[in-house]
Structure formats: structure tokens, C-alpha cells
Amino acid sequence: MSDITQAPPIAADAEERQVKLVKMAGFGAGEKSTAAISVATALAILLLWWFVAALGVVPHLFLPRPDEVLTQIGVIYRDGYAGASLSEHVSASLFRIVVAALIAISAGVPLGLLMGLNRWAKGVLDAPIEFYWPLPPLSYLPLMIIWLGIGETSKITLLVLAMFAPICLSAQAGVRSLPIERVNAARSLGASRLQLFLDIVLPSALPEILTGIRIALAVGWSTLVAAELIASTRGIGFMIMSASQFLATDVVFVGIAIIAISAFTFSAAVRFLEAVLVPWKGKL
């Protein structure tokens, strides 16, 4: 009579050999939202501001309390400032920023892509861009007045020059950071030049382009005050500079707050475009 050896259960053996997934440790800031931390930080700054102003650490003439700034916003909204309503000041500044941004994007993105794709274009355009890009806008503000007068053209041109360089250089960097393996793979599959540009080059450069637009908008808002020095009677920058001459610090804070809120809104809009157009950013 032969011995019969009982085989181990198949299910138990399968469980022992089952692959266990191990979650990799995160790196950097991680994927969790930092909104709560940002809100808490903003509230802490406002609280510190209120205590410093209320205790008189800084003279009231130079640092009004946050509630006084809020009250001044209501006064300006109701009565206006320097012969114009608050909406007229804000609309004038938004018009200049939006028009200048559209011109800078329309010119900067194609030229930046061309500089990344063609060495002749890079050689011709790189020198003038790198020459004027580090210059503060106030340094060529007098030239804008001499060449273009004191109308809207000089203001918008100043903003375009301030925003053009970061957009152009970011588009160029996006093309030059494209892995050559993607290009070779598309070529091996028979992609034409147009398909190569639309399906490989442009999507790969888009994250850098959007980052450049965000930087350019921030530069544009910081240049706005200088642009509105040119014989302006409307605009947030004009309101800030006019109030500073009369030591109306609360009005200056109102203008700063409006610029900060507007700039944050523009930046949030670009971040939304990033989430829609390049959802893979930071995940590859």
C-alpha cells in the first residue's frame, strides 16, 4: 500500500506569495493641501499688525490699524479718491495690465519657442533680451516718456517690456528641457514637423510657459506703480503715489491690498489653467 502525501492548500500558499504593496515615502512639500497653514499664517500676520499698531510701537501716522484700513476702503468706495471712484481706479489698472499681458504673451510665447527650436533665432534675440531684462523699469521709464509721450501707449509699453522677458525665456527653457527620447520616438513613428510641434514640443513646454506667465504677471503688478507715474489721473498705482505725498498711509494700505488681491486672483487663474492643461505637472 503506497503512502499518499497530502498537498498543502493552494489558497494558503497563494496568500503567502501574494505581493504586498509598500507606499513610498513622500519627498518635499508632499501632495497634501497647505491652505490651512496659509490661512493661519495670514491671520497671525494680521493679529501681529493689529497689536503693533494698537500698542503704538510704530507711530499711528505710519502704521494704521487693520480695522482703520477697512474703514478707509468703505470711504473710498463711497466717496472716491482724487476725483475718481474706486472702480475707475481699479478698472484703469486692470485695463493696462490685461492689455500688456495679452501683448507680452502673444509675442513672448512664439519667440521663446522659436529661440528654443532655432539657434539663429536664439543668437539674434538672446542678447537684447538679456541686456534689458535685468534693468529695473524705472531706468527706462524716461525713455518711454520721451519716445511715446505721456498717454496710455507709454504705460502699456513699459508693462509689456517688464512682462515679455520672463514669458519668452520660460518658453525657450521649456523647449530646451524637452527629452530628446520623446522627439526620436515620435520621429520613428512617422510624425511630421507639425505633429512633432503640436503633440510633443508644445505640451512639453506648456508647464514652463505657464510658470513664466505667472512670474510675468507678478512683475507686471510690481511695475504698475512705476507705469502710472506717467501723468496718470486714474489707477491703483496713481492712488498709492498720490496718497504717499500727503502721508495718507491708510489709503496707501488700501492700494497695496487691492494690488495684492488682484495679483493673487490672476495667479490663481493661471494655477487653474495649469491644473486643466497640464495635470501631469510634477507627477512624471
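Given the structure is predicted, the values throughout are model-derived calculations rather than measurements.
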Closest heavy-atom contact between [X] and [Y]?
X      : Y      : value
Trp133 : Ala165 : CE3-CB, 3.4 Å
Ala185 : Ser188 : O-OG, 2.6 Å
Ile167 : Ala216 : CG1-CB, 3.5 Å
Ala92  : Arg234 : CB-CB, 3.7 Å
Ser232 : Ala227 : OG-O, 4.4 Å

First locate atom [atom1] of [X], then atom [atom2] of [Y], and finally report the distance between them rounded to the nearest 0.5 Å.
X      : Y      : atom1 : atom2 : answer
His89  : Ile240 : NE2   : CD1   : 11.0 Å
Leu158 : Ile145 : CG    : CD1   : 9.0 Å
Thr71  : Arg65  : OG1   : CZ    : 8.5 Å
Leu48  : Leu43  : CG    : CG    : 12.5 Å
Leu46  : Asp67  : CG    : CG    : 11.0 Å
Leu210 : Ile213 : CG    : CD1   : 5.5 Å

Please tabulate, one pair per line, all N/O donor-acceptor pairs under 3.5 Å involving side-chain atoms of residues 219-226, not counting sequence neighbours.
unit_1: Ser222; atom_1: OG; unit_2: Ala218; atom_2: O; d: 3.4
unit_1: Ser222; atom_1: OG; unit_2: Val219; atom_2: O; d: 2.7
unit_1: Thr223; atom_1: OG1; unit_2: Val219; atom_2: O; d: 2.7

Min side-chain heavy-atom separation [X]-[Y] under 4.5 Å:
X      : Y      : value
Leu217 : Ser267 : no
Leu86  : Ile258 : yes
Leu141 : Leu138 : yes
Val75  : Asp250 : no
Phe246 : Val251 : no
Ser87  : Tyr77  : no
Leu161 : Tyr132 : yes

Any donor and acceptor pair, going by atom type alone, linking the side chain of [X] with main-chain N or O of [Y] inside 3.5 Å?
X      : Y      : answer
Thr157 : Thr153 : yes
Ser244 : Met241 : yes
Ser242 : Phe238 : no
Ser154 : Gly149 : yes
Gln195 : Ser192 : yes
His60  : Ala53  : no

Steps toward side-chain contact (heavy atoms from CB on, under 4.5 Å) verdict (Phe51, Val57):
CA-CA 9 Å; Phe51 271 113; Val57 178; over 6 Å; no

What residue among Thr249, Ile76, Ile259, Ile236 forms side chain to side chain contact (heavy atoms under 4.5 Å, CB included) with Val254?
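Exactly one option meets the side chain to side chain contact (heavy atoms under 4.5 Å, CB included) with Val254, and it is Ile76.
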
Trace of the side-chain contact (heavy atoms from CB on, under 4.5 Å) decision for Phe197 with Val175:
CA-CA 10 Å; Phe197 176 77; Val175 175; over 6 Å; no

In terms of hydrophobic clustering (I, L, V, M, F, W, Y; side-chain heavy atoms under 4.5 Å; direct or indirect links), are [X] and [Y] co-clustered?
X      : Y      : answer
Val90  : Ile256 : yes
Met239 : Ile150 : yes
Ile37  : Ile45  : no
Val183 : Leu198 : yes

If you apply the rule side-chain contact (heavy atoms from CB on, under 4.5 Å), what do you find for Arg187 with Asn184, and how did you get there?
CA-CA 5 Å; Arg187 284 173 174 169; Asn184 292 334; 4.0 Å; yes

Quick check on the 6.0 Å ring-centre criterion: do Phe253 and Trp49 meet it?
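Centroid distance Phe253-Trp49: below 6.0 Å, so yes.
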
Quick one: list whatever passes salt bridge (charged side-chain N to carboxylate O under 4.0 Å, His left out) with Glu130, sequence neighbours left out.
none

Let me see the working for Leu178 and Ser204 under side-chain contact (heavy atoms from CB on, under 4.5 Å), right down to the final yes or no.
CA-CA 6 Å; Leu178 171 64; Ser204 298; 3.2 Å; yes

Glu228 and Ser93: side chain donor to acceptor below 3.5 Å:
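Yes, a side-chain donor-acceptor pair sits under 3.5 Å.
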
Heavy-atom count check: over 12 atoms from other residues, nucleotides or ligands less than 6.0 Å from Phe95 CZ?
no

Other residues, nucleotides, ligands: >12 heavy atoms within 6.0 Å of Leu135 CG:
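Result for CG/Leu135: enclosed.
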
Give the C-alpha distance, both sets of side-chain angles, the deciding distance and a yes or no for salt bridge (charged side-chain N to carboxylate O under 4.0 Å, His left out) between Arg271 and Glu274.
CA-CA 5 Å; Arg271 285 179 181 272; Glu274 284 183 348; 5.5 Å; no

Taking distance alone, no hydrogens or angles, what donor-acceptor pairs closer than 3.5 Å link side-chain atoms of residues 98-125 to residues at least two apart or in another chain?
unit_1: Ser106; atom_1: OG; unit_2: Leu102; atom_2: O; d: 2.7
unit_1: Asn118; atom_1: OD1; unit_2: Trp120; atom_2: N; d: 2.8
unit_1: Asn118; atom_1: OD1; unit_2: Ala121; atom_2: N; d: 2.9

